[in-house]
Amino acid sequence: MSAGKGTWRSRNLYLIGFMGAGKSIVGRILAEKLSRSFLDTDRMIENKVGRTIAKIFQERGEEYFREIETEIVARASATHQAVVALGGGAILNARNREAIKQSGVAIYLKWEFAQLWPRLLNDRSRPLSVDLKPIEVEKLFNQRKHFYEQADFVIACHEPETPEQIAQKILRSLEGSR
Ligand code: S3P
């Protein structure tokens, strides 16, 4: 998904993966460790629209959300050497994938669905996991896997790893790449 793993030092680091993977919290820790700035596209969308993600889906629908998401990914990709946590569906759009490829490397936080699902159950902030039946959310996961797997770095995550440990794992992968 990029110009090459070894280019990561001069480029943005994009965290990708399904809802509940910990992209935001791991991203914040990673940014701190690397002394980089941290961007979270969901928060940027909320700031731009002045509504929560849940309200945007409810009032304007997913299509509108995806339009704004693409604008925000373009804006994020214009920054340099940032750590960027992307929403779980951002990589579905070819323009977003191109922006990621041009400006950075993608890091996939890979979890088994069975470990992600319990985290989504009690979270009302994610419209897709709230509105869809469990079987539909799992279908979404399976449809997206192929895109996630194209990341430059695939980080296998397992319970009970903490965000700190996952950030350490990412650092080791980055440092070991050429
Ligand atoms: C979405 C994931 C969410 C958010 C929106 C849609 C998705 O972000 O962008 O609810 O399509 O998977 P997180 O992955 O941070 O939960």
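Excluded from the calculations below are hydrogen atoms, water molecules and symmetry mates; all remaining heavy atoms, backbone and side chain alike, are included. Ligands are counted one by one from 1 in listed order, and the atoms in each one are counted from 1 as well. Computed from a prediction, not measured in an experiment: that's the story for all the values here.
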Do Val130 and Phe113 sit in the same hydrophobic cluster, where Ile, Leu, Val, Met, Phe, Trp and Tyr count as joined when their side-chain heavy atoms come under 4.5 Å apart? no
Treat each ILVMFWY residue as a node, draw an edge where side-chain heavy atoms are under 4.5 Å apart, and state whether Leu13 and Leu171 are in one component. yes
Just by distance, do the side chain of Asn12 and the backbone of Ala82 share a donor-acceptor pair under 3.5 Å? yes
From CA spacing to verdict: side-chain contact (heavy atoms from CB on, under 4.5 Å), Arg11, His80: CA-CA 6 Å; Arg11 296 158 68 81; His80 299 285; over 6 Å; no
Report yes if some heavy atom in the side chain of Ile53 is under 4.5 Å from a heavy atom in the side chain of Phe65; otherwise report no. yes
State plainly whether the residues Arg51 and Glu46 are in salt-bridge range, i.e. N to O under 4.0 Å. no
Going by distance only, is there an N or O of Gly88 that falls short of 3.5 Å from an N or O of ligand 1? yes
Which atoms from ligand 1 have a heavy atom of [X] less than 4.0 Å away?
{"X": "Phe65", "result": "5 (C), 9 (O)"}
{"X": "Ile53", "result": "5 (C), 10 (O)"}
{"X": "Pro127", "result": "10 (O)"}
{"X": "Arg126", "result": "13 (P), 16 (O)"}
{"X": "Arg66", "result": "6 (C), 7 (C), 11 (O)"}
{"X": "Gly89", "result": "7 (C), 11 (O), 12 (O)"}

Students should be able to answer this: which protein heavy-atom is nearest to atom 14 (O) of ligand 1, and at what distance? Lys23 NZ, 2.6 Å
Can you pull out the closest protein heavy atom to atom 8 (O) of ligand 1? Residue, atom name and distance to 0.1 Å, please. Asp42 OD2, 2.7 Å
Of all heavy-atom pairs between Ile56 and Ile45, which one has the smallest distance, and what is that distance? CD1-CG2, 3.8 Å
Can you tell me which portion of Leu128 lies within the under-4.0 Å heavy-atom range of ligand 1? Options are side chain, backbone, both, or neither. side chain
Between Phe153 and Lys5, is there a cation-pi geometry (under 6.0 Å to ring centre, at most 45° from the normal)? yes
Under a heavy-atom criterion of less than 4.0 Å, does Arg144 contact ligand 1? yes
